[in-house]
Amino acid sequence: DTGVSQNPRHKITKRGQNVTFRCDPISEHNRLYWYRQTLGQGPEFLTYFQNEAQLEKSRLLSDRFSAERPKGSFSTLEIQRTEQGDSAMYLCASIELQGVGYTFGSGTRLTVV
Amino acid sequence: LAKTTQPISMDSYEGQEVNITCSHNNIATNDYITWYQQFPSQGPRFIIQGYKTKVTNEVASLFIPADRKSSTLSLPRVSLSDTAVYYCLVGPFSGGYNKLIFGAGTRLAVHP
C-alpha cells in the first residue's frame with residue numbers, strides 16, 4: 001500500500017459546473033476524513049466516515065457538497081454548481097481505529113474560473 | 001478542542017537546532033499534543049505525538065512540561081528540506097476518534 005491516493009491532482013472548472021474528487025485511503029484504515037485548505041491557512045475539517053457511515057459534517061459543507069464512501073473503501077466528494085469561493089485544496093486523510101497519526105493524501109487543487 | 005498559539009513564522013540556518021513552541025493553556029486531561037509538517041502542494045504529515053514529559057523519534061523531539069500548558073517541537077540540525085509549515089494540534093486523538101482542528105501553523109524557513 002502506497003498511502004492515501006487522491007485524484008485528480010488538479011482540476012480547473014468553470015463556475016456553475018459540477019466536480020467530483022476521489023480518495024483511496026490506506027486499505028486497513030476504517031476512518032476517512034475530508035478537509036479543505038485555502039492559501040495561507042491550515043486545513044479545515046469538512047466531513048468524516050467510519051467505514052461507509054458518514055458520522056459528522058461541518059457547517060462548511062453546504063448543500064452543494066456531498067460525500068460518499070460506498071462499501072467503506074474509496075470516497076468521493078462532489079461539489080455541485082461550483083463557485084469561485086470553492087477554489088481550494090481538498091485533502092483526504094485516513095486512520096485506523098487505534099491509530100496515532102493520520103495519513104493525508106497530496107490533495108486535489110480545485111480552481112473555479 | 002483546546003486552542004493553540006504558535007509563532008507565525010521562524011527562520012533558521014542549516015545545521016542549527018530549531019525549537020517551535022506551542023501554547024495550549026486550556027488543554028484537557030485527556031488531550032494529546034500532536035505535530036504535523038506540511039510542504040507546499042502536499043498534505044500534512046504526522047511528525048510526533050505526546051502526552052507528557054518527552055517523546056523522541058527519528059525525526060523530532062517533543063518536550064511537554066508538567067503543567068502541559070505548552071509544548072516544544074525540537075528539530076535537530078535542520079536542513080533546507082525542513083522548510084515547511086508546522087502545525088501544533090491538541091485534542092483527544094487517541095484511537096483516531098476525533099477530527100483535527102488546524103490553526104495557521106508556523107512557517108519555518110531554513111536558509112543555507
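Just so it is clear: chains get the letters A, B, ... in the order the sequence lines come, proteins before strands, and each one is counted from 1.
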Please check if the number of heavy atoms outside A/R64 that lie under 6.0 Å from its CZ is greater than 12.
yes
Examine whether an atom of B/R107 lies under 4.5 Å from a heavy atom of chain A, and if so say whether it belongs to the side chain, the backbone or both; otherwise answer neither.
side chain
Please check if atom OH in B/Y51 has more than 12 non-hydrogen atoms from other residues, nucleotides or ligands closer than 6.0 Å.
yes
Got a sec: does the CG of B/L80 have more than 12 other heavy atoms crowding it under 6.0 Å?
yes
Honestly, the part of A/E56 sitting under 4.5 Å from a heavy atom of chain B is side chain
Please classify the contact between B/Y36 and chain A as side chain, backbone, both or neither, with a heavy-atom cut-off of under 4.5 Å.
side chain
Residues of residues 104-113 of chain A with a heavy atom under 4.5 Å from any heavy atom of chain B, in residue-number order, are A/F104, A/G105, A/S106
Is the number of heavy atoms from other residues, nucleotides or ligands within 6.0 Å of CG (A/D63) greater than 12?
no
A/W34 and A/V19: same hydrophobic cluster, using ILVMFWY side-chain contacts below 4.5 Å?
yes
Which atom of A/Y102 lies closest to which atom of B/F46, heavy atoms considered:
O-CB, 4.1 Å
Return the set of residues passing side-chain contact (heavy atoms from CB on, under 4.5 Å) with A/T76 (not counting sequence neighbours), or none when no residue passes.
A/T20, A/E68, A/F74
Grouping I, L, V, M, F, W and Y whenever their side-chain heavy atoms are under 4.5 Å apart, do A/L60 and A/F65 come out in a common cluster?
yes
Show the nearest heavy-atom pair for residues B/P44 and A/P43, with the distance to one decimal.
CG-CG, 4.0 Å
Check the hydrophobic clustering (I, L, V, M, F, W, Y; side-chain heavy atoms under 4.5 Å; chains of links allowed) and say if B/I47 and B/I64 are grouped together.
yes
Nearest-0.5 Å distance, CG of residue B/L100 to CG of residue A/L91
11.5 Å
Is there a path of hydrophobic side-chain contacts, each under 4.5 Å between heavy atoms of I/L/V/M/F/W/Y residues, joining B/W35 to B/M10?
yes
Same cluster for A/F45 and A/I79 if Ile/Leu/Val/Met/Phe/Trp/Tyr side chains link at under 4.5 Å?
no
Measure across B/Y87 and A/Q41 and return the closest heavy-atom pair with its distance rounded to 0.1 Å.
OH-O, 3.7 Å
Measuring heavy-atom distances to chain B, does A/Q50 have an atom under 4.5 Å in its side chain, in its backbone, in both, or in neither?
neither
